[in-house]
A.B. asks: 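Could you have a look at this structure, given as structure tokens, before my questions?
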Number of protein chains: 2
Amino acid sequence: MARTSTRQEDGSVGATLNMSAFERLRADILQGVIAPGEKLRIEALKSRYGIGASPLREALNRLSALHLVEKIDQRGFRIALISHETLVELAMTRCWVSEIAIRESIRAGDAAWEESVVLAHHRLKRYHETSIGPDPEWEALHRQFHFALIAACPSHWLREFHETLFDLADRSRHIAVLHDRSTRDVAGEHQRIVDAVIARDVSGAIALLNQHFRITADIAISAIEPQFPPQTVE
Amino acid sequence: MARTSTRQEDGSVGATLNMSAFERLRADILQGVIAPGEKLRIEALKSRYGIGASPLREALNRLSALHLVEKIDQRGFRIALISHETLVELAMTRCWVSEIAIRESIRAGDAAWEESVVLAHHRLKRYHETSIGPDPEWEALHRQFHFALIAACPSHWLREFHETLFDLADRSRHIAVLHDRSTRDVAGEHQRIVDAVIARDVSGAIALLNQHFRITADIAISAIEPQFPPQTVE
DNA sequence: GCTGCTAATTTAATCGATTATTTTCTCCCG
DNA sequence: CGGGAGAAAATAATCGATTAAATTAGCAGC
């Protein structure tokens, strides 16, 4: 039943059901549609996505390698949990990885890269100014902005790892967003980051990005904190 | 046909065939038993490992997320290629990642960690001295040594990424080893690294590790260089 | 001899059914 | 009334068969 199309009825783009399942699951996880810790029963997923067990399991296996899903032998899959410790560790890791990535991107980036940063920032800023509150379009622009910053880093492994971490952070941000979002000057943070990057100020850019990530983490932490001690299971 | 055993007849340890396939494939790739660029036909793998298509494909999906295998839509899987550019980029990435990992490991490591480094190094050195040439036992000790160095880095994501890169480098080293290995003073390199780490000399440790990785890469590069321009396919 | 087209063959992707494990439920005992 | 032992139900893992796609082979026309 492999489809030849590159676009399924449901909006996913993969040429194979495996790809399609991967993209849809990833999207649902990142959006928080499926909650952290939730058990993923194959039968449930089959009827939810209308995709058979094999491509689903293949997709889940890949997602587990990206830490979005936890795979437990003989016990299936569950959405990766989010805990205080996880969020702290994630923030640290993002700071460290982006430290390298931004440094090397600034080092290797040429004029064209610099322009693409300005452009990505402009697009994000413009959209942010004309619209209120978060939405998928803003999310996409925000992601593109952060990727533009480190796009000149010559290691695709590092860029990809950066994206993996971004995904994890994005997920917790989406879940936290339901909670709080007002008091943050995201636009200002982005502006200062761009300024530092354009000025080729490596340590300034690192410091600002670190702060950016820590604020994100703090919001997420305070969003899960009010809850009672984390239950292991749903 | 899932087995309940934790150890298959063939020496792999996974409780599921998926795990078993993953481990065996990974081992064969790292050992260079399956050559870079080689096409992985499911039927061939089925008879080779005596495992069905489903667990094999699931394992391959995970290996592709770790960059050991390349997954191409509708066209199956192949072992990741090794090229000059790949090796250079890999060496860079390892340097950068280990820069962070060793820094944070030294920062966070306590006395127990320090002892585990000394111990891992001793085991490696002892084995190295009593035996000549590379073998699986030495490989394991070498790996453990490098993991011990960064074991105190508090980010499990970073440690895992470090391992992923180690795997990739190990593979090319194994393939290159058939070529050349004599002129290198690995033991000396390790000794200097340990000395710097124990002295909590962050920049020294970084420099030495960088050199260590670059030498590894250079050997691998010179091993593939003599060949004619890389053929796209086997 | 080379190019491009179609048919045959191989291979990848996926499904439906089967087997093995885990989980849940019951019921009995202390 | 808690604590299992064992049966029943649910779920995960896997196989064998099927379908779709890519590749190869064969051939016609230039």
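Every chain is numbered from 1, with letters handed out A, B, ... down the list of sequences.
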A.B. asks: State whether A/F213 and A/R94 meet the cation-pi test: NZ (Lys) or CZ (Arg) under 6.0 Å from the six-membered ring centroid, and within 45° of the perpendicular axis.
C.D. replies: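 Yes, a cation-pi geometry.
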A.B. asks: Checking side chain to side chain donor-acceptor pair (under 3.5 Å) for the pair A/R57/B/N18: CA distance, chi angles, key distance, verdict?
C.D. replies: CA-CA 11 Å; A/R57 289 184 56 89; B/N18 176 334; over 6 Å; no
A.B. asks: Could you give the CG-to-C1' distance, from A/N18 to D/dA21, as a whole number of Å?
C.D. replies: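 Nearest whole value for this atom pair: 15 Å.
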A.B. asks: Identify whether any heavy atom of B/L40 sits under 4.0 Å from a base atom; if not, whether one sits that close to sugar-phosphate; answer base, sugar-phosphate or nothing.
C.D. replies: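 The residue B/L40 makes sugar-phosphate contact but no base contact.
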A.B. asks: Is any side-chain heavy atom of A/N61 less than 4.5 Å from a side-chain heavy atom of A/F77?
C.D. replies: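 They are in side-chain contact.
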A.B. asks: Taking the minimum atom-to-atom distance to the side chain of A/R41, which one of D/dA12, D/dT14, C/dT21 wins?
C.D. replies: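 The answer is D/dA12.
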A.B. asks: Within the pair A/K46 and C/dG16, is there a side-chain N or O less than 4.0 Å away from OP1 or OP2?
C.D. replies: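 It does not, given that no N or O in the side chain of A/K46 lies less than 4.0 Å from OP1 or OP2 of C/dG16.
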A.B. asks: Using a cut-off of strictly less than 4.0 Å, decide whether B/R57 has a side-chain nitrogen or oxygen near OP1 or OP2 of C/dA13.
C.D. replies: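 The answer is yes; a side-chain N or O of B/R57 sits under 4.0 Å from OP1 or OP2.
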A.B. asks: Does A/R24 make a cation-pi contact with A/Y49, if we ask for NZ or CZ under 6.0 Å from the ring centre and within 45° of the axis?
C.D. replies: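 No, a cation-pi geometry is absent between A/R24 and A/Y49.
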A.B. asks: What nucleotide among C/dA12, C/dT14, D/dA13 has an atom nearest to a side-chain atom of A/F77?
C.D. replies: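 Shortest atom-to-atom distance from the side chain points to D/dA13.
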A.B. asks: Does B/R75 have a side-chain nitrogen or oxygen under 4.0 Å from the phosphate oxygens OP1 or OP2 of D/dT23?
C.D. replies: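 Yes.
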A.B. asks: Can you check the A/K39 NZ to C/dT24 C1' distance for me, whole Å?
C.D. replies: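 Taking NZ of A/K39 and C1' of C/dT24, I get 14 Å after rounding.
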A.B. asks: By nearest atom, which of the nucleotides D/dA22, D/dT14, C/dT14 is closest to the B/Q74 side chain?
C.D. replies: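 For B/Q74, the side-chain atoms sit closest to D/dA22.
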A.B. asks: Once you round it to whole Å, what is the distance between P of D/dT14 and CD of B/E58?
C.D. replies: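 About 7 Å, once rounded to whole Å.
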A.B. asks: How close or far is atom C1' of C/dA13 from atom CG of B/L56, stated in whole angstroms?
C.D. replies: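 Distance, rounded to whole Å: 14 Å.
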A.B. asks: Between C/dA12, D/dA13, D/dC15, spot the one nearest the side chain of B/T16, thanks.
C.D. replies: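 The listed nucleotide nearest to B/T16's side chain is D/dA13.
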A.B. asks: For A/I42 and C/dT23, give me the distance from atom CD1 to atom P, rounded to whole Å.
C.D. replies: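 So the two atoms are 15 Å apart, to the nearest Å.
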A.B. asks: Ion pair present between B/R26 and B/E23, side-chain N to carboxylate O less than 4.0 angstrom?
C.D. replies: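 Not counted as a salt bridge, because no side-chain N and carboxylate O are separated by less than 4.0 Å.
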A.B. asks: Quick check on DNA chain C: between A/G52 and B/G76, whose nearest nucleotide comes earlier from the 5' end?
C.D. replies: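 Upstream on the strand: B/G76.
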A.B. asks: Starting from C1' on D/dA22, measure out to CG on B/D73 and report it in whole angstrom.
C.D. replies: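 The answer, rounded to whole Å, is 13 Å.
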A.B. asks: What is the distance from OH of A/Y49 to P of C/dC15, rounded to the nearest Å?
C.D. replies: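 Result: 15 Å.
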A.B. asks: Take the protein atom CD1 of A/I51 and the nucleotide atom P of C/dT14, then report the distance between them rounded to whole Å.
C.D. replies: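 A/I51 atom CD1 is separated from C/dT14 atom P by 8 Å.
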